[in-house]
Amino acid sequence: MISSNTLQNNTYLYTKLAAFYANCGRLGEARVIFDRIVLKNVFLWNSMIRGYACNGQCMKSLVLYREMMSFGQKPDNFTYPFVLKACGDLGVVEIGRRVHCEVVVCGFETDVYVGNCLLAMYSKFGEMDMVKMVFDRMPDRDLTSWNTMISGYVRNGEPKEAFLVFQMMGRTGLVADCATLLGLLSACVYMSSLKLGKAIHAYVVRNDLARVNGFLINSLIELYCSCNSMVAARQCFKEVTWKDTVSWNSLVSGYSKNADALESLRLFCQMVLEGVNLDQVTLVSVLGACYKITALQFSMSVHSYIIKQGFRAHSMVGTALIDSYSKCGDLACSRRVFYEMAEKTLVSWSAMVSGYGLHGMGREALSIFHDMMGIGITPDEGVFTSVLTACSHAGLVNEGKEIFHSMEKKYNVQPRLAHFSCLIDLLGRAGYLDEAYEFIKAMEIKPTCDMWASLLSASRLHKNVELAELSAQRVFEMNPKGVGSYVCLSNLYASENRWDDVEKVRALVRRKGLQKPPGFSFTELDKVVHRFLVGDKSHEQKDAIYDKLNELSQRLKEVGHKPDTSSVFYDVEEEVKEKMLWDHSERLAIAFALINTGPGAVIRITKNLRICADCHTVSKLISKLMCREIVMRDIRRFHHFKDGLCSCGDYW
DNA sequence: GCTCTGCGCC
């Protein structure tokens, strides 16, 4: 800090200095100087308000604006852009409207800068009607006005409208600039439109715009990720010399979303090794990739990195850790992070509720949900989804129903698709099939394919052929390519020994050219993730693995295990069926883990499908026989096998 | 002296 004596009497220089600090984001220094200046001019006030608004301290920006007014200083046309920005970023609708009134009173409504900021503010509020009104009333519009309209429509989920605005803009003779293209690219991302996106990419290349605006390349990377074109995304990434944290982050999250979490992890390592500046988004993204493949050890490394690099205080990072740990099977770690978290957001609580739910601990999920309500946090849709899912996993029918019905009445949260789905799942799985069916029929919204699929799966579980056929019919109509439902119906027929019907479904599947996705399982050893397909013979330890499986099969027979072959949907000899169960991917993974880890080590497996009934029994027996805890995540939830029992209490 | 702009947790 510069000594005050030298500049004491020079308000002009002081003002310049304060503005400089504010511009650099050094608000602390700027404020000290600001406070010392007695004769504050409008430029100084504006600089401070701007500094706060542009550096994530919007509330201070608004407070200062009020101080300015009460100080008798009249705001000018430079003041309002930042005040409006602060209102928009904070989402303070009432204050925003009042500031709008003040703008009108001061006569700045016709200023094109102020007008553009009004557009931006109302679009952040989600009030596109107001945006349109302001836009229509603007005496002058510049390119930014149009760009703000375009990005506003995309922000509010109307990408098609954004393109219409773009067409109208073209008719006025204005030519797109980088900001226009960024808006349009976001629209393409929203619609997953590879075709439009590529056209914009071509335009960018023709005009060599990526060099002008670095954001463009990041948007292109994101576009390709959202269209499942990871090769193109990688190409964009490779071709630019100018890369920032966001470029890397986009790719890390892109691979994770496109089922290549391993590549996300690899990229993260590369970032660390190359010393790329990484931020909280990187960490949230990589943790998201970790749980996709249940990479618990990797999550732990990321956690220690978070602590060392001082990212602990970020609530979003903390929440991602809670989520990642519970989805990787380590609820104890989730809880520790949760309880140590200084600032728990609504989402942090939701993640913890989900975590308990995922592990079948419905009572704990409910209890923490009520704790959250107890301290006055207002629930949102998301936390209701979490708590209803938890009830469903644990079979807490009455509790779930009660919460569902209280959503709107008590908490003013309107139930949406996800909540209806949860309730159907809850009822169906608990065996209240008729009630679930009646519920679907009585809903004010149109049932989705997932809801019918959920009822189908419940009907299979409780062996209700009639309802299964009815739901399957709906699913086949709505999603003719989803092979899972055919398999489900066929499995039900097989368990009832209705082999003619099994064959009919199988013929249908063949005629449509559908393939059953192969089952596979992951397990992590020394931070390396190993993947096993059903019947896999490609692993380097395959001989040892199959020897181990034979040995286990033998020992299980000795203790009287009779294989449950109901999930084998081929009409073959019982003995063949039993053999077919023994190369299910989770057993290969268990055998591999048994061979490669020491006595007592917890075995963690993830599989891409639901666990079959016999694998469930076998895992329980192995846990007892080998004195090993086995934590298995299937496509829906966790099973903790220990001492011959499973945490799900065989309810799944 | 100002506005529009990318990646992310339930």
Side-chain angles (χ1 to χ4, degrees), chain A residues 16 19 22-23 42-44 46-47 49-50 53-54 76-85 88 111-121 123-124 142-152 154-155 177-186 189 213-223 225-226 244-254 256-257 278-288 291 314-324 326-327 344-355 357-358 369 372 379-387 389-390 418:
Chain A
K16 278 262 172 205
N23 262 335
V42 67
F43 172 73
L44 178 63
N46 289 347
S47 301
I49 291 173
R50 175 192 184 198
C54 296
D76 66 5
N77 54 325
F78 286 92
T79 315
Y80 282 107
F82 309 117
V83 178
L84 292 168
K85 178 182 162 53
D111 183 291
V112 68
Y113 283 94
V114 176
N116 290 344
C117 291
L118 280 169
L119 296 176
M121 179 184 79
S123 98
K124 284 174 194 162
D142 62 6
L143 190 51
T144 302
S145 321
W146 289 94
N147 291 345
T148 310
M149 290 301 282
I150 291 172
S151 64
V154 182
R155 185 198 298 274
D177 71 351
C178 292
T180 321
L181 297 174
L182 283 169
L184 295 178
L185 277 173
S186 300
V189 169
N213 185 318
F215 293 150
L216 274 169
I217 206 73
N218 287 345
S219 284
L220 283 166
I221 293 173
E222 203 210 340
L223 166 83
C225 290
S226 74
D244 66 357
T245 307
V246 177
S247 325
W248 285 87
N249 290 355
S250 301
L251 214 53
V252 170
S253 81
S256 167
K257 279 184 218 146
L278 49 82
D279 63 7
Q280 64 268 38
V281 179
T282 320
L283 296 162
V284 168
S285 305
V286 74
L287 286 168
Y291 75 65
H314 287 277
S315 68
M316 227 188 284
V317 173
T319 305
L321 270 172
I322 294 170
D323 200 40
S324 186
S326 73
K327 286 179 177 155
K344 299 179 184 57
T345 64
L346 170 60
V347 186
S348 325
W349 285 90
S350 308
M352 202 59 238
V353 171
S354 287
L358 203 58
F369 173 71
M372 182 195 94
D380 71 347
E381 293 171 17
V383 74
F384 278 114
T385 309
S386 303
V387 75
T389 309

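In what follows, every chain begins at residue 1, and chains take the letters A, B, ... in the order their sequences are listed.
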Looking at every strand, decide which applies to [X] at a 4.0 Å heavy-atom threshold: base, sugar-phosphate, or nothing.
X      : answer
A:T148 : sugar-phosphate
A:T319 : base
A:F82  : sugar-phosphate
A:T144 : base
A:K344 : nothing
A:A320 : nothing
A:K16  : nothing
A:D380 : base
A:N23  : nothing
A:Y291 : sugar-phosphate

For A:N147, does its backbone N or O pair with a side-chain atom of A:S151 as donor and acceptor, under 3.5 Å?
yes
Which residues satisfy the salt bridge (Lys or Arg N to Asp or Glu O under 4.0 Å) test with A:K124, sequence neighbours excluded?
A:D89
Could you give the start and end, 5' to 3', of the contact zone on DNA chain B for chain A, using atoms under 4.0 Å from its heavy atoms?
B:dG1 to B:dC10
Could you tell me which non-hydrogen atom of A:A53 sits nearest to which non-hydrogen atom of A:F82, and how far apart they are?
CB-O, 3.7 Å
Pairing donors with acceptors under 3.5 angstrom, does anything connect the side chains of A:T148 and A:S145?
no
For A:S350, the option from A:T345, A:I322, A:V383, A:T319 that meets side chain to side chain contact (heavy atoms under 4.5 Å, CB included):
A:V383
Which residues satisfy the side chain to side chain donor-acceptor pair (under 3.5 Å) test with A:S256, sequence neighbours excluded?
A:K292
